[in-house]
Amino acid sequence: MPELPEVETVARGLRTSLPGRRIMEVRFGKTDFMDDPAAIERELPGRTIETVERRGKYLIVWLVPANGSDVRAGLMVHLGMTGRLLTQAAAQPLEKHTHAIFHLDDGRELRYVDIRRFGQMAVVSEAALAARLSRLGAEPLEVSEEDFVARMHSRRARVKALLLDQRVLRGIGNIYADESLWRARIHPARLGSRLTREDIARLYRAIRWVLQRAIELRGSSISDYLDAEGRRGEFQRLHRAYDRKGKSCFRCGAKIRRTIVAGRSSYYCPRCQRAPRKTARRRAPARRRRG
DNA sequence: CGTTGAACCTGTTTGC
DNA sequence: TGCAAACAGGTTCAAC
């Protein structure tokens, strides 16, 4: 469940009940996805949670500075493909693949569950966090249209690759890239540098609409994934391209296709989203097919 | 530079 | 029915 709207939903959920809570004890399952599990075990017990923020697809659980210290530190969490960060009563049975448990002072536990362990978890100082996040691009809901145009024109890569590249924009993943491109009627394999101003203006508005609606609907639950409060998201009801191969385009009725762009499954309407002329789609026909 | 494919890991779906 | 391949919300890196 982890693109910007899902991570934002988790952050908002945790923010309603974590600030002010004290971490009493830390327990781990598998730790191979953590930078330095010993540091987490050493530094978190006894600390109080200040707040929870989202930066791109990262969650940061900020800690109140330890007494006498002015160094702000936090727990940085990336959910990868299958990560979930949620609170449950300590008495609740542990789900399979629970890899980190932070026992809180109110009888609950903050738990990290991650089937595939593609996530990340680390304790970081504010400075270290800034260094790690400095590679990330703009927040898609904060970037100006002018800046967005410049970013789409900045490189000669396919627009889908640009949207997925966290150094260009932070937070967009495979679902929201395809949904935004469908709304903007832009084929995922078009080169960013070849998009017109009008193309980019439509894409800019599409991304804003899609992400804002998705946040309102608490993200997309496409499998059995739940947010921090155990609720499903509902944005999957508004999906128009993603995972709709062979189904009718909501706009024109043509059958949605699936192809690979930037190494990822990409769903698009072949009629509404016209393929770029030259770029490799499939092999050029041995002879010309139409005459 | 940009693209592709593999790797990381586990589970589910699809296809023959 | 059974088994293997393909595929899955992400990121990174080597090779071309």
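- Ion pairing between a basic and an acidic side chain is recognised when a charged N comes within 4.0 Å of a carboxylate O; A:E139 and A:R170 show such pairing.
- A:D227 pairs in a side chain to side chain donor-acceptor pair (under 3.5 Å) with only one of the listed residues (A:R84, A:R12, A:R218), which is A:R218.
- Atom CG in A:L79 sits about 10 Å away from atom C1' in C:dG9, given to the nearest Å.
- Judged by distance alone, the side chains of A:R108 and A:S17 do bring a donor and an acceptor atom under 3.5 Å apart.
- If you run side-chain contact (heavy atoms from CB on, under 4.5 Å) between A:T98 and each of A:V113, A:L86, A:D114, only A:V113 comes through.
- In this structure, A:R167 reaches neither bases nor backbone, as no heavy-atom distance under 4.0 Å exists between it and the strands shown.
- Residue A:R264 has no polar side-chain atom (N or O) positioned under 4.0 Å from OP1 or OP2 of C:dC7.
- Note on A:Y267: a side-chain N or O is less than 4.0 Å away from OP1 or OP2 of C:dA8.
- Salt-bridge check for A:R111 with A:E109: passed, with a basic side-chain N closer than 4.0 Å to an acidic carboxylate O.
- Proximity of A:Q120 to the phosphate of C:dT11: no side-chain N or O atom is located under 4.0 Å from OP1 or OP2.
- Ion pairing between A:R132 and A:D35 holds under the 4.0 Å rule for side-chain N and carboxylate O.
- Residue-level contact check: A:G173 touches the backbone only, with heavy atoms under 4.0 Å from sugar-phosphate atoms and none from bases.
- Rounded to an integer number of Å, the gap from A:R132 CZ to C:dT11 P is 13 Å.
- Contact annotation for A:K245: no contact, since no heavy-atom pair falls under 4.0 Å across all strands.
- Straight-line distance from the CD1 atom of A:I222 to the P atom of C:dA8: 9 Å, rounded to whole Å.
- The CD1-C1' distance, from A:I175 to C:dG9, rounds to 5 Å in whole Å.
- Atom-to-atom, CD of A:E3 to C1' of C:dG10 comes out at 9 Å; the value is rounded to the nearest Å.
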Pairs under 3.5 Å (Watson-Crick or G-U), crossing ones as [ ], inter-strand ones as |: DNA chain C comes out as .|||||||.|||||||

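- In this structure, A:H78 places its NE2 atom 14 Å from P of C:dG9, rounding to the nearest Å.
- Side-chain N/O atoms of A:T82 include none lying less than 4.0 angstrom from OP1 or OP2 on C:dG10.
- Considering only side-chain N and O atoms, A:K57 lies under 4.0 angstrom from the phosphate OP1 or OP2 of C:dG10.
- The ring of A:F33 has its center closer than 6.0 angstrom to the ring center of A:Y112.
- For the pair A:D178 (side chain) and A:A241 (backbone), a donor-acceptor distance under 3.5 Å is absent.
- With P as the reference atom, C:dT12 and B:dG11 are 24 Å apart, rounded to whole Å.
- For the pair A:R244 and A:W182, the cation does not sit on the ring face, since its NZ or CZ is not both under 6.0 Å from the ring centre and inside 45° of the axis.
- If you measure from atom CD of A:Q236 to atom P of C:dG9, you get 14 Å, rounded to the nearest angstrom.
- In summary, A:D32 and A:K30 do not engage in a salt bridge, as defined by a charged side-chain N under 4.0 Å from a carboxylate O.
- Going from atom CG of A:D114 over to atom C1' of C:dG9 covers 11 Å, rounded to whole Å.
- Residue A:Y242 is in sugar-phosphate contact alone, with no base atom involved, counting any heavy-atom pair closer than 4.0 Å across all strands shown.
- Of the N and O atoms on the side chains of A:Y176 and A:S220, at least one donor lies less than 3.5 Å from an acceptor on the other residue.
- Mapping A:R135 and A:R116 onto DNA chain C by nearest heavy atom places A:R116 closer to the 5' end of the strand.
- As rounded to the nearest Å, C:dC7 and B:dG5 have P atoms that lie 12 Å from one another.
- Here A:K160 lies out of heavy-atom contact (under 4.0 Å) with every strand.
- Here the range on DNA chain B touched by chain A, meaning any atom under 4.0 Å from one of its heavy atoms, is B:dG2 to B:dG11.
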